[in-house]
A.B. asks: 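So that we are looking at the same thing, I have put the structure below in structure tokens.
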Amino acid sequence: MAELSKAYEPGEVEAAWYARWLEGKCFHAEAGSGKPGYSIVIPPPNVTGILHMGHVLNNTIQDILCRRARQEGKEVLWLPGTDHAGIATQTKVERKLRDEGKTKRDVGREKFLEMVWDWKDHHGGIIIDQLKKLGCSCDWERERFTMDEEYSREVQRTFVHFFKQGNIYRGKRMVNWCPVSLTALSDEEVDMKPQQSKLYYMKYELVEEPGTHLRIATTRPETLMGDTGVAVNPRDERYGHLVGKHARRPFPAADIPIVADEHIDPEFGTGVLKVTPAHDKADFEIGQRHGLEILDVLHPDGRVNCPECPDLDGLDRFEARYVAAKKLEDMGLLEKTEDHENKVGFSERAGVPIEPRISMQWFLRYPQVGRATRVVADGEIEFRPPRWKKTYMNWMENIQDWCISRQLWWGHRIPVWYRKEKAVELQEAESLDAADLERGDLHVGTEPPGDPGNWVQDEDVLDTWFSSWLWPYATMDEPTRAKFYPTSDLSTGPDILFFWVARMIMAGLEFMDEVPFKNVYFHSIVRDLKGDKMSKSLGNSPDPLDLIANYGADGLRLGLMRIAPTGMDVRFDEKQIEEGRNFANKLWNACRYRLMQGEAAMGGPAAADRPAELPVYAIDILAKLDALGEQLETAYAAYKFNDIAAQLYEFFWSNFCDLYLEAVKNDFREGGERKAATLWTMDVCLSRFLQALHPFMPHVTEELWRTLGFGREGEFLMQAELPREPVLAGLDAAEARERAAAVYESASRIRNLKAEYNLASNKKVRLVVKPAGGWVEAEAATLALLTGAAAVDFDAAYEPPKGTPAALTAVGEVYLPLEGLIDVAAERSRLGKEIAKVEKEMAKSEAKLGNANFVERAKPEVVEQERGRLKDWQEKIAQLQEMLAGLG
RNA sequence: GCUCGGUUAACUCAGUGGUAGAGUGCAUCCUUCACACGGAUGAAGUCACUGGUUCAAGUCCAGUACCGAGCACCA
């Protein structure tokens, strides 16, 4: 039998068990298994990513679900993998090139992609190793990558499918353009952030009325070279007479028409808008309505493109803003500037303001929108918490076509080829769709044309999410799908509800004709104590690996799950992780204590070996153990992970250690049947508890399971099925539990009495008890053990010396004779206070029962309960008063 | 602007109609032969505010305030 160290050291234990699980193929999912299937696909982290607290939370949840499902006898597939993360990954390699003074164009597309693959092979997938450190039980044999050959083929098939269906088209549209990444972004990849900026009040001269000016407020003077109109609200009386006339754009000088458009808010600024159709979405639409020219005055990288204004040409857009304002000022056309807070769209990846830009892009009309809405509305897919349903519905109702093309190199290249001689013409064509296939100048397919020399492939790649949305089924081969698709649960952050979850539902319905998962659990967002979202850029996120090193993966997991509510967010506090570690240590030491009493039966305790005679404390803790099993089942069914964690914590620490273990310590010295019964009880509690805790703290539970000898050679705790029979099946525990509770409660009151009299908690005292029932005397030794009493005497006729401290407890009146320390006044005041407390409760109870409405209209059992309560109070007060009277 | 959350002990959070809870922190005691990553005891909440429904409201309804998120936007 192994000796256990005094404190649990997670480091080596965790690494050793992970290796053993792998070696034992414990995570392997067998498609041919006869057990019912359970599956989760991991939300694939970026291949370039490193583990952050959000990952820890999300993957702990998934691991818990998977490990629990295995315990329930299911064949479990947790399918892991990573995402190629177009922009993020490409950026890393571009940065490396830049350090060498090169750009990707210098090395060329082919070579560049080689470099990215090379980078991915050497530096990618760090996060996979980190997930292993966390204890994740993924089937690593099935690890997938969104750019695996098979997976890529699926992506291409998807594109071709929608193109031929007519739902993918190409066109020149206003898109979100990232001037750093030099690519279009979808609306979902843009974050609107409030910005402190300036509102510039400019004056444009009226062409038809020289000398008079139109005042215009703008936040973007640097785009005024692209102004091709000025707009006012048609109902704005101040400006109605000017509609149809012209204003003079200061530089480059031009006369631009004044138009009337409903979009203009007369309340904002001066009520006049300069219309720059090439650089603002709203302006673009106004321009369309009034036939205004589109004048692009910015380069793709955000520098000004306006040779007519040499002092601005080539400047960065923000620098140009100040130069343009200065220029207006010099011309006497800048009236004033005001501070102004507005919201600016930022590129989620690059962190810079996006630039609305007209460019040629590929779009997808979302498929299966109606059905995807219904499956969630009808509960075929459950959202937890359910309020995310509404957010989902809102998005589905206002859904816009998805810009799926990206001007990147790293990603799935669009499977479209143009016939060489027509390429230039086709690539500039206003629109392109399935109809163009007919002419034979276009090839759209998963295979390149047979004569590739005559064709040119589209330069763009697809949005990363255009591959991720196929994840639940594209990662599976046919036999795997047959067993594990649709998947059971999906756990993810609400921040990718639109990016990923909604789109997966649509793709699942379109291609598998089935929902991709039955439950979606939206976990909390991890914030710091100030409430800020944890992020690398804020530097407020602890490195989970440091936490694992300091507290163990198990400590991190339990600590986090205890505070992770099902609500909006969780405030991370390292203190909580420390508690997780402390819990592991508590568990460790309780098991260590068990080992000190002798070896456990190899293979663990058998429920059938339940001793005929069980002490009341044993019955009590076993009843709690049985109740725990039921409560956990309920909580798992509701995905209430923090509840589960709290129940596990409370059962073990409060009930098992603080109450039960403290009450039975004498048994080990006595030996005999009592000792055997207690050891059996401990073993049942420990083995079942280790199993119940296992999904949350897999390593330490597995270690202790083996050390205590609960498993046979070669058996893993993680593979053991949950017992179905309650330990106390067929036994009426009520009376025993009442007695155990009475002893616990009394012990607590007596310790309180000692404390009130400033007796050290380990001070040996003598107790005299007027027992409340004949059974009490049998519990004297336990009572003494729990209260630190040298002796407990029973004397129904005891007449205490005046002023003897006394407490009314569930085992009877308890006296604490304190020779030489008697203080009648103190005791009178103490009893008086207690009486006052009880009287207050009694008054409340009497008032309720005195209310005719209550007695008539409340549920009978509630009234009955209240009557019982009142009776208790009355009895108690009578006894207390008698004790008080005894003081003389 | 619209929508959705939140507001309970010093902190982090449970608690959806019937005697206000946990962990941490704090105070006091205990280095008792599992554990000081521990044990014991205790103090500490007009459950944000205002109304309403109900015999009964932290819990249900309406409104207000503040905090947060999502969506749409005013240049």
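These values consider heavy atoms only, across backbone and side chains, with no hydrogens, waters or symmetry-generated copies.
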A.B. asks: Please check the phosphate of B:G5 (OP1 and OP2 only) for any side-chain N or O of A:Trp388 closer than 4.0 Å.
C.D. replies: no
A.B. asks: Could you check which nucleotide pairs with B:G51 in any of the strands shown, counting Watson-Crick or G-U wobble with both distances under 3.5 Å?
C.D. replies: B:C61
A.B. asks: With a 4.0 Å cutoff (strictly under), does any side-chain N or O of A:Asn762 reach OP1 or OP2 of B:U31?
C.D. replies: yes
A.B. asks: My understanding is that a pair needs two contacts under 3.5 Å, Watson-Crick or G-U wobble. By that rule, which nucleotide pairs with B:G5?
C.D. replies: B:C67
A.B. asks: Taking the P atom of each, how far is B:A20 from B:G1, in whole Å?
C.D. replies: 40 Å
A.B. asks: At less than 4.0 Å, is any side-chain N or O atom of A:Asn582 found next to OP1 or OP2 of B:G38? Yes or no.
C.D. replies: yes
A.B. asks: Reckon A:Lys586 has a side-chain N or O less than 4.0 Å from the OP1 or OP2 of B:G39?
C.D. replies: yes
A.B. asks: Should B:U28 form a Watson-Crick or G-U wobble pair with both distances under 3.5 Å, which nucleotide is its partner?
C.D. replies: B:A40
A.B. asks: With a 3.5 Å limit on both atom pairs, tell me what B:A20 is paired to, counting Watson-Crick and G-U wobble, or say none.
C.D. replies: none
A.B. asks: A:Lys6 side chain N/O closer than 4.0 Å to the phosphate oxygens (OP1, OP2) of B:C35?
C.D. replies: yes
A.B. asks: Please give the distance between the P atoms of B:A22 and B:G45 as a whole number of Å.
C.D. replies: 15 Å
A.B. asks: Can a side chain N or O of A:Lys274 be found less than 4.0 Å away from OP1 or OP2 on B:A75?
C.D. replies: no
A.B. asks: A:Arg751 side chain N/O closer than 4.0 Å to the phosphate oxygens (OP1, OP2) of B:U41?
C.D. replies: yes
A.B. asks: Quick one: is B:C74 close enough that its OP1 or OP2 comes under 4.0 Å of any side-chain N or O from A:His263?
C.D. replies: yes
